[in-house]
Amino acid sequence: MRNVTIDVKHVTRLEGHGNLAVRVRDGEITSLQLAIVESPRFFESFLRGRMYDEAPHITCRICGICSVGHTTASVKGIEAACGIEVSDQTILLRKLLFFGEQIQSHVLHLYFLAVPDFLGVGSVIPLAATHPDVVRRALRMKKLANDLCAAVGGRHIHPIAMHVGGFTHTPSDEELLGLKRRLEASRADLAETAALFKQLQVPALLRDTEYVALKVTGNGEYAFYDGEIVSTKDPSPTKPADYRNRIVESVVEHSAAKHCRSPQSPSYAVGALARFNNNHGQLHPAARNVAGEVGLKAPCRNPFHNNTAQLVETVHCIESSIALIDTMLQHGLKAEPCVRPQRFDRGVGLAEVPRGLLVHEYMLDDRGRIENANLIIPTGQNLANIEADMRAIVPAMLEAGSSKEEITLRLEMLIRAYDPCISCATHFLDIEWVD
Amino acid sequence: MIAERTKRAARPSLYEPVVARIRSVTKQTDSEMLFDIALPEGRPLGHQPGQFVQVLVPGVGECPISICTSPTRADSFGLCVRRVGDVTAHLHGLGAGDTVGIRGPLGRGFNLAEFIGRDVLIVAGGLGLAPVRSLIQYILDERANFGRFSLLYGARNPSELLFRADLVRWRERKDMNFHVTVDKPDDDWRGHSGVVTTLFRELPALDPSTRVVVVGPPVMFKFVVLEVLARRIPQKQLYCSLERRMKCGVGKCGHCQVNHVYVCMEGPVFTYGELKAIREAFE
Amino acid sequence: MLDRVVHRTDLSALIDELARTRRIVGPVKHEDRFFYEAVDRAGRLDLDFTYCVYSPKAQLLPPKETLLTFDRTTGNFTCHPLYDERPTVLAGVHPCDLHAIKLLDHVFGAEHADEQYLSRRRHMFLIGIDCPHPCTAGVFCRDMHAHVADSGFDLMCYPLERDQAGRTVRYGVQVGTTAGQEAILYGRVGTPPTPEAEQHLARYQAEKDRAFPKAIPVDSAGLPGLLAKSYDSLLWEATARRCYSCGSCNLVCPTCYCFDIHDDGALGGNGGERVREWDGCQLRGFAEVAGPHNFRPKPGSRLRHRVFRKGKWILERTGLPGCVGCARCDRACTARISLVDMYKQLAEEV
Amino acid sequence: MKPRIAIFSLTGCEGCSLAILELEDQLLAVLDAVEIVNFREGMTERAWDIDIGFVDGAVSTPGDEAEIRHYRESCKVLVAIGACACLGGINTLKNHQLAAEYRGYVYGERAAWFPTTAARPIAAVVKVDYELPGCPMVKEEFLRFVKHLLAGRQFRLPDYAVCVECKKRGNPCLYDRGVVCLGPMTRAGCDAICPTYGSKCEACRGIVSPEALAAAALNLRDQYHVPQEEVLAGLRLYGAYQEEKLP
Ligand SMILES: Cc1cc2nc3c(=O)[nH]c(=O)nc-3n(C[C@H](O)[C@H](O)[C@H](O)COP(=O)(O)OP(=O)(O)OC[C@H]3O[C@@H](n4cnc5c(N)ncnc54)[C@H](O)[C@@H]3O)c2cc1C
Ligand code: SF4
Ligand code: SF4
Ligand code: SF4
């Protein structure tokens, strides 16, 4: 098979809209694009002129799945710009909320978006009939994560209680205790999930990739909320405010979307696997155990193993949530007023959201209004890398005599493995489809 | 919904309906159906003409409907229901053998003591015939206890006439003075046409002691009252029936309150004299 | 007349004793406001509270409750009423709210008794706490003769003595019912009142009388007359221009008891329930019927309806005041529409 | 026959579609009662013979416009879910800026490469049968909607303000703490979730009635001295802004 044309309009089981187009002529890839057709949203534009404390509420509307992540990066960016130091309690609560979202998002991705591929069905819906226990388990874990978010933030999608400077609500001891019990009970579900993933055949793909993530140096924790930028090619840490030294946004000829590269590589990857590759030593022991069980070893360069890394991170987040709740119960939570701004200036907030490194940068005027904003979303950073992976997969599969359908499915699986959150795309271009 | 511990109390809840069975459903017009309903063991409802019941369709809701048969008749009672919303639409979907919840009889009906031995004039417009039909039947069943009896009935057009079988029978009766009219006659209509007030021409002179009942839409109500008062009938002898939103039907939920009265308790039947003190009733 | 004198710790012990077979509900402080809340022991209550933002109405007529569950099978159904019969001690009810509960008792206990309300009420032990001075500015309980209560409680506690921190340390207790009597005897709390304590109470009451000012131009007996002359006042429409029709004034009011009933069916299956929920005459759809026709479409007529209910109609129907002057409605109104202001303006008009 | 359901997304964050998946406890019962035949975010299969279509997101490009017309043709009942679909949502913030400005700011010289229009609720383009507002849509309301539809009952949105739910929950009122909350003028149905978690209502479910909006204009200016532009900025956030209705 020398000529292949693959067109997938609106790749399914993705957050947002993406089109895939591959042209192979005489065994050579003549064009390959993952095009983002999500409507442009102009967040950076309409943030301008709004008050500083509105930024988290506005930017969390970038994406329903990672709204906690956006809120977190946003409050951190604004706080940096306002010289606000939040209390230890606030940080504890933020981390717990963050874990809630991490679990929620990973479970959703693993069970609803990825598992159907492995089990050869089109969605989770038929699984309700064929594998009811699997679906029930997925819903149970998702609900636990949701309730965790709700107890801290009011709800998971677009959290309410988290503001610049602190929280307007604190969960009660009873709520925390209840959640802790359920988190502990969920270990059984995690074990079953690990067992399920051990059975699944993960396609192989090895390509030299740079993995970029936040890292808390020293004996610090596995980075989600805090950290500096590192990568598998350049482990020296870069401060959040200097993120532009590590992330170069650029325009690529063949694609209408902005791509990202690093000083070291034309493309790089962020996300669960990137975090695992950089920070695996800081995982909770239970998570490390599961990594061993399912055979995930750092450095792992197979992007399909992003799912496996998500599973490992889910274990880490559950265990860390239990520890966080213990700390909270020990110290007791009290209502605290939100910390007020000291100044209005420039600030950068970074966070490792489920899909990878998220950047929120703000410039405020002297009345606290947003003058400029720059938001870099994980999926934007991964796009170039996804395309590079696809360029490696297609010739290899053609070589192996795979059919067009097999190639298409494999490419879709690859895209889904990155769990791209296309509705997050703040500055992707909308392109007209040309055949 | 509530995590509270709950159990059955010794006394019954006022919100618990009696489960009653529909014996038959008869189509009246395109939007009205007549339901014949029996309580368990043929128990009589024990109502007065002019009272109403709360009808429950579980899962949909409850609504007040006037009882349109006389307590002197049979071991069942009638409800004539116009389809306007959720509950009424679901009622229209039910058939013989189905069950509904019934609470009642509720409210204050016609004060029969006031009517007995007197001339009676009933003027009904549209669906207003339903609540007064119980009184009409009562008078006809106890005909000897009343004086001269006249009934004027108006509908918008012939297809909206209710209780057609009754209309035929009433017309044939010698012991009542019955006239019917439609606002907009069609080609087949042979009877009187025009608004209901035009039927007053067909009436003999009214005795000043006549008890008059007027039930119908607000506009009709106003013009009929003018006709009646012009014939020097005292306001306290003039009766009408009010409609309001109702939830509990027993003077608690507040929805049917009009100024100081609860329509479900002091009404739905009021004399015009009483109504005048209820200013909001005319707003 | 006092029946007992108890120390604050005795009162706590008494409540805890009662709570061996009952839940405890009473004022709990959150930031600087008090709310009725279920607690596990009396020590969590703050009986020196000023006022509770919400009245105890919610304890007797919950914002939302299931009246019946039903089960539908083809063409047939059965209904099961539900009751909340948890024995409860409601500790810390001010006289105004005791008056309000009396009104609720009357409304729900009268003709067509509401067993869902009454069963809850019958299982409620009420401990009143008298207020030595107005709980906050703007109240007009005195004008409504609701600043003192001589019945409607199981026990009534008069705060006779305070410590330096302003906490009541000694209460004079008056027994209102045999249940109250039994609780005192069974709990063996406090000491019999001495003549000195009686004098103390007399002094307390005299001081209280001076502490409660007149706040509106007429009292509860004069209100019906004032309102009768004000039906056509332009004040209603003028004031209502600011009214959101948000119903907050209704819902926080201890004497507003209007409700809605609706059905909630289960998804798939034949079960479901009939649910009662708070409603309020200020809400736009309150008097709306199918059609749709709204019998009270204008905010001005709704506002007038509420004020007439509070000041005139309930009193005339029940003989009990329809408003106890707690001013919760005034405080809850974010448009700052105030009964006190309206009464003052109406009095100036006539 | 189970009703055939589809879930579509236009310009938005897809949080409303996600909220359906977050019904966890009732999701299996919902899946039992209906047949989902088209849901890009959650499944590969797609069908176009649809009884009820739920759409989240606003119409903000010519592409969206074509899509929504196609959905309208394919669905017997069309339901707008979420603030974006019902009110235009947060996307409408750009409507208050000059197009050249907001496009150029994000895309620089290449702004001309792609088309965009003012963000609009979908009812501005096609007939919408029901709206379930909120940012995100309230999943309990979605469930109530589905139950009503399955039982053949008419679905109505609450026609009262958020304060009602706040009171039923026994929340302290934010005005009591000096915070100007938009609850009194906003349509309820969210169970007052924001005030319950200590945050002011931001009117994501839209204005409850013209009278309430008029009252707000008077009260916020006269009683709370909030400058008009701040009131407008607040109401613009989720598209609840209704310039023509302000007195
Ligand atoms: C005393 C009395 C007697 C009545 N007698 C009859 C009769 O004999 N025949 C008949 O067809 N109709 C009668 N009605 C009107 C009937 O009650 C309404 O048409 C019915 O409530 C509409 O309910 P629905 O659920 O179909 O409409 P929806 O619009 O879906 O009603 C929603 C809810 O609003 C309330 N509601 C709506 N309209 C009314 C209304 N007009 N009155 C009271 N509550 C209302 C009900 O609680 C209802 O559940 C009477 C009303 C009253 C007050
Ligand atoms: S009307 Fe106002 S002052 Fe009177 S009892 Fe109700 S809330 Fe209190
Ligand atoms: S609280 Fe105020 S604004 Fe709300 S309905 Fe009552 S009077 Fe109107
Ligand atoms: S907090 Fe907001 S929504 Fe709640 S009662 Fe106050 S004004 Fe109304």
Side-chain angles (χ1 to χ4, degrees), chain C residues 30-37 52-55 58-59 62-64 72 239-253 256 260 262-269 272 277-280 282-286 288 290 292 294 297-300 302 328 331-337, chain D residues 2 23 25-34 143-144 146-148 150-154 156 158-177 179-186 188 191 198 208-209 211-220 222-224 247:
Chain C
H30 289 289
E31 300 189 27
D32 52 352
R33 295 278 186 270
F34 299 90
F35 297 85
Y36 284 109
E37 237 176 66
C52 285
V53 173
Y54 292 91
S55 79
Q59 310 305 321
K64 190 172 181 184
R72 242 172 338 180
T239 310
R241 288 208 179 164
R242 302 204 322 261
C243 176
Y244 290 109
S245 297
C246 72
S248 291
C249 48
N250 287 138
L251 303 184
V252 297
C253 175
C256 270
D260 182 36
H262 53 89
D263 278 40
D264 189 5
L267 184 67
E277 241 181 299
W278 284 357
D279 205 340
Q282 298 306 92
L283 303 179
R284 201 154 22 102
F286 188 74
E288 192 176 307
N294 195 337
K298 293 212 274 315
R302 293 196 291 272
R328 284 191 178 92
R331 290 193 298 269
C333 180
T334 65
R336 303 207 168 122
I337 292 172
Chain D
K2 292 181 182 178
L23 275 170
D25 281 344
Q26 297 91 0
L27 190 61
L28 290 177
V30 172
L31 291 180
D32 214 38
V34 303
L143 198 65
R144 189 168 72 84
V146 171
K147 283 203 249 180
H148 269 69
L150 290 174
R153 294 172 69 181
Q154 276 182 42
R156 290 188 191 92
D159 62 351
Y160 45 80
V162 178
C163 298
V164 171
E165 292 171 338
C166 228
K167 298 291 167 251
K168 287 182 185 168
R169 291 189 76 150
N171 291 336
C173 178
L174 289 159
Y175 277 87
D176 208 17
R177 281 197 236 145
V179 177
V180 172
C181 170
L182 299 186
M185 67 206 81
T186 302
D191 208 10
V208 62
S209 72
E211 296 144 21
L213 189 63
L218 277 180
N219 292 328
L220 297 188
D222 298 351
Q223 309 285 324
Y224 297 94

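Being a predicted model, the structure only gives us computed values, none of them experimental.
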Fill in: Distance-minimising heavy-atom pair for A215(D) and R242(C)
CB-O, 3.3 Å
Response to the item:
Counting heavy-atom pairs under 4.5 Å with chain D, the top scorer among P299(C), A332(C), S245(C) is P299(C)
Worksheet item: Which region of D279(C), side chain (C-beta onward) or backbone (N, CA, C, O), has a non-hydrogen atom less than 4.5 Å from a non-hydrogen atom of chain D, or is it both or neither?
Response: neither
Item to complete: Identify which part of C166(D) has an atom lying under 4.5 Å from any heavy atom of chain C, answering side chain, backbone, both or neither.
Response: backbone
Response to the item:
Whatever's closer than 4.5 Å to a heavy atom in chain C on A188(D) counts as neither
Item to complete: Give, as side chain, backbone, both or neither, the part of D32(D) having an atom under 4.5 angstrom from any heavy atom of chain C.
Response: neither
Practice prompt. Under 4.5 Å, counting heavy-atom pairs only, tell me which of C163(D), G183(D), A151(D) racks up the most with chain C.
Written response: C163(D)
Worksheet entry | Inter-residue atom distance F35(C).CZ - N171(D).CG, 0.5 Å rounding | 8.0 Å
Discussion item. Counting heavy-atom pairs closer than 4.5 Å to chain C, which one of N219(D), L150(D), V164(D), D222(D) comes out on top?
Written reply: N219(D)
Practice prompt. Sort E31(C) into side chain, backbone, both or neither according to what part of it lies under 4.5 angstrom from a heavy atom of chain D.
Written response: side chain
Discussion item. Less than 4.5 Å to any heavy atom of chain D: does that hold for the side chain of A266(C), its backbone, both, or neither?
Written reply: backbone
Item to complete: Could you look at R33(C) and say if it's the side chain, the backbone, both or neither that has a heavy atom under 4.5 Å from chain D?
Response: side chain
Practice prompt. Heavy-atom distances under 4.5 Å only: say whether V30(D) touches chain C with side chain, backbone, both or neither.
Written response: both
Worksheet entry | Part of L267(C) lying under 4.5 Å from any heavy atom of chain D | both
Worksheet item: In terms of heavy-atom proximity below 4.5 Å to chain C, should A161(D) be classed as side chain, backbone, both, or neither?
Response: side chain
Worksheet item: Between A335(C) and chain D, which part of the residue has a heavy atom less than 4.5 Å away: side chain, backbone, both or neither?
Response: both
Item to complete: Provide the closest heavy-atom pair for L220(D) versus Y244(C) in the form atom of the first, atom of the second, distance.
Response: CD2-OH, 4.3 Å
Discussion item. Within the structure provided, determine whether H30(C) and P172(D) are in side-chain contact (heavy-atom separation under 4.5 Å).
Written reply: no
Discussion item. For the interface with chain D, which of G247(C), C243(C), P63(C) has the highest count of heavy-atom pairs at distances below 4.5 Å?
Written reply: P63(C)
Worksheet item: Is chain C contacted by the side chain of A29(D), its backbone, both, or neither, given a heavy-atom distance below 4.5 Å?
Response: both
Fill in: Residue, of R153(D), Q26(D), R144(D), that accumulates the most heavy atom pairs under 4.5 Å with chain C
R153(D)
Practice prompt. May I ask you to name which of R241(C), R336(C), E277(C) has the most heavy-atom pairs under 4.5 Å with chain D?
Written response: R336(C)
Response to the item:
Under 4.5 Å to a heavy atom of chain C? For D176(D) that would be both
Discussion item. With a 4.5 angstrom heavy-atom cut-off, is it the side chain or the backbone of V162(D) that approaches chain C, or both, or neither?
Written reply: neither
Item to complete: Heavy-atom pairs under 4.5 Å with chain D are the metric here; pick the option from L283(C), T334(C), D263(C) that has the most.
Response: T334(C)
Worksheet item: Does R331(C) make a cation-pi contact with Y175(D), if we ask for NZ or CZ under 6.0 Å from the ring centre and within 45° of the axis?
Response: no
Worksheet entry | Nearest-0.5 Å distance that lies between atom NZ in K167(D) and atom SG in C249(C) | 10.0 Å
